[in-house]
Undergrad: 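Encoded as structure tokens, here's the structure I'll be asking about.
Convention: sequence-line order gives letters A, B, ...; per-chain numbering from 1. Quantities reported herein were computed from a predicted structural model and do not represent experimental measurements.
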2 protein chains.
Amino acid sequence: MRTFVAVVDTGRFQDAAADLSISQQAVSKRIAGLEKDLAVRLFTRTAHGARLTIDGQAFLPHARELLRVAERAVASVLPGSRPLRVDVIASRSAASGLMRGFHRAHPEIELDVVMLFDIEAAVAAIRSGAIDASFRAVAVPGRPLPEEIDSVWVQDEVLQLLTGPDHVLAGARSVTLAQLTGHRIWMPGIVPGTEWAAYYDDLVAEFGLTIEATGPNFGSDALLDTIADTPALATFMGKQTRLVWPAGHGLRRIPVTDPTPVYPHSLLWRRDNPHPGLAVLRDHLAAASAGPGDAGIWAPGWATRR
Amino acid sequence: MRTFVAVVDTGRFQDAAADLSISQQAVSKRIAGLEKDLAVRLFTRTAHGARLTIDGQAFLPHARELLRVAERAVASVLPGSRPLRVDVIASRSAASGLMRGFHRAHPEIELDVVMLFDIEAAVAAIRSGAIDASFRAVAVPGRPLPEEIDSVWVQDEVLQLLTGPDHVLAGARSVTLAQLTGHRIWMPGIVPGTEWAAYYDDLVAEFGLTIEATGPNFGSDALLDTIADTPALATFMGKQTRLVWPAGHGLRRIPVTDPTPVYPHSLLWRRDNPHPGLAVLRDHLAAASAGPGDAGIWAPGWATRR
DNA sequence: AAATCGCACAACCACGGGTTGTGTACTAAG
DNA sequence: CTTAGTACACAACCCGTGGTTGTGCGATTT
């Protein structure tokens, strides 16, 4: 690809060869090999050099794009000035949505999103510099963060009930947590030991819900399919989570009240992290911070808010 | 990259090896080589298989993207169901804008844009099936199109004068073509023998303008820089052409009247071309067709409109 | 007609990247 | 604790990809 683009840019095989510090014959072989693999002619050879064929013209932007992507791929693991690397607690969480919003607002800031196991791993990664920031629920002062790590509350993610059209509660305008007692709540993909597990453990203990965290996570599609088809099953989902599901599933979002369960997201970062994107992210989040207010909400006792 | 993604998807070196029909040792070597090139560890090796490191997680989406791009690159020259391939007359022409609009309206339709030398080349490429459609100015019945090629008028591109802030006409609300007599109009990159050359030849012959088509085309940036800094120089530019230029250049767009020069764009395609995207493109353009109306406009005598 | 330019082909060679065979670390079972 | 099994790494080997130099051919220029 690099050779192909070099020939396009220089217009001559031998100039491209000089650019690449190889022989003209090597360029000829590379192009011939590429043309053989693709089974099309990319250049018309003239006495003045090489001109793109129509196929070559169509191929060129894809070749350039490939080189760009390859460069970004290398940059993503390059120590030094690599992209801002942020850990989110789950791909469907509000943290993911916030990062998408940040990317829309600052597309010039290269971004990589990763998912670590729990806050222990996140704190270790932040300390080592392997990641630049992390969205997590911060524990109460009982287990304080290391001194060099700062954190700031960002958003309370309001949880809603998601049911299929045939669920008993499908028609309800809202439900209370107490009303959910006895109903089966299904949360596949909750890994024991993570904050989500701790969160729902607390929720179960306090309100006597029946939450089934069993079963592997086959992805959003499988979850939504099952919820839509099973009248006895419901699940929790963030209010802002935007899902695409096939039309006609008839899924219902039902607000939960008295109290409304929320998941408090904070941003964690190392105070002396010099990454320029980090300050921009903090500023962006400060402006985007929002929550339902303190009235009538519930969060686990171990989690700090604000 | 393929091996890296295969290991991620299967979770085990040997399963990836089976998928790729190579030995487990080959996978081990490939991953080791990739890790050596990138100078980072991508996997933590456990007794159960391989798990991604943080660097690996950051790298993964780029790797997947690279494979996607590579696939599209191959598809762009694959005979059979390749992307819709459309020839435009120039990258700054209204045709390019129309194709961008089409892509926004139908992002699901894969698209490749090429630029052929002139309408002869375009007609030949359409007949051979090398391209699916072409934006061109269609000549009068004197030189009719081949029988198997259809064409339909799409849009009249209105030309405006573009000047720097210190140009004599910079303050004018509009100018007539007659007023431009004696002024230097600079159109770099106009290649002799193309329709653009014929167009401006006619314009010069009819209104006695001074158009300098000399000099190589160093791109929009160089053109705009020169226009902005040279009081005696102006150029023509499509009314809808959206350019990004550095702030403070103070470039002025000035409508031209009595008459308004327009470039008539038609779409050409082979009647029996079965590409599904072609019908969508024609429908889209039929809805998007627009022009200034017939009153007070000028187009070369050889060009048909409607 | 001769010189020049630009790419392709031929012959050759080195090394990258595959193979098989074996070793080591960790896990699970008895 | 031993033993068997699993999973990846290392070693030795070898073929073929992909580089080199040398040369040929067609087109353009003088």
Undergrad: Name the residue closer to the 5' end of DNA chain D, choosing between A:Q24 and A:H48 according to the nucleotide with the nearest heavy atom.
TA: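 The 5'-side residue here is A:Q24.
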Undergrad: Report yes if at least one side-chain N or O of A:S28 is closer than 4.0 Å to OP1 or OP2 of C:dC7; otherwise report no.
TA: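 So the side chain of A:S28 is outside the cut-off, no N or O lying under 4.0 Å from OP1 or OP2 of C:dC7.
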Undergrad: Could A:E71 and A:R68 be called an ion pair, given the rule that one side-chain N must be under 4.0 Å from one carboxylate O?
TA: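 Salt bridge absent between A:E71 and A:R68.
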Undergrad: D:dG19, OP1 or OP2 - any side-chain N/O from A:S23 closer than 4.0 Å?
TA: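 Indeed not, no polar side-chain atom of A:S23 lies that close.
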Undergrad: If you look at every strand shown and take non-hydrogen atoms under 4.0 Å, does B:A50 touch a base, only sugar-phosphate, or nothing?
TA: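 Sugar-phosphate only.
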Undergrad: Give a yes/no on whether any side-chain N or O of B:R30 is located under 4.0 angstrom from OP1 or OP2 of C:dG16.
TA: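 For B:R30, the contact criterion (side-chain N or O under 4.0 Å from OP1 or OP2 of C:dG16) is not met.
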Undergrad: For the base of C:dA11, is there a side-chain donor-acceptor partner from A:Q25 under 3.5 Å away?
TA: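 There is none.
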Undergrad: Nearest nucleotide by nearest heavy atom, which residue falls closer to the 5' end of DNA chain D, A:K29 or B:Q14?
TA: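 Per heavy-atom nearest nucleotide, the more 5' residue is B:Q14.
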Undergrad: Under 3.5 Å, side chain of A:Q14 to main-chain N/O of A:Q24, donor-acceptor pair present?
TA: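 The answer is no, because no donor-acceptor pair under 3.5 Å joins these two groups.
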Undergrad: Please check the phosphate of C:dG6 (OP1 and OP2 only) for any side-chain N or O of A:R45 closer than 4.0 Å.
TA: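 Result: no.
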Undergrad: Taking only residues two or more places apart in sequence, or in another chain, which ones meet A:D9 in a side-chain contact (heavy atoms from CB on, under 4.5 Å)?
TA: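 For A:D9 the side-chain contact (heavy atoms from CB on, under 4.5 Å) partners, ignoring immediate neighbours, are A:V5, A:R64.
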Undergrad: Can you tell me if A:D87 uses its side chain to pair, donor with acceptor, with the backbone of A:A122 under 3.5 Å?
TA: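 No; judged by distance alone, with no hydrogens or angles, the pair does not exist.
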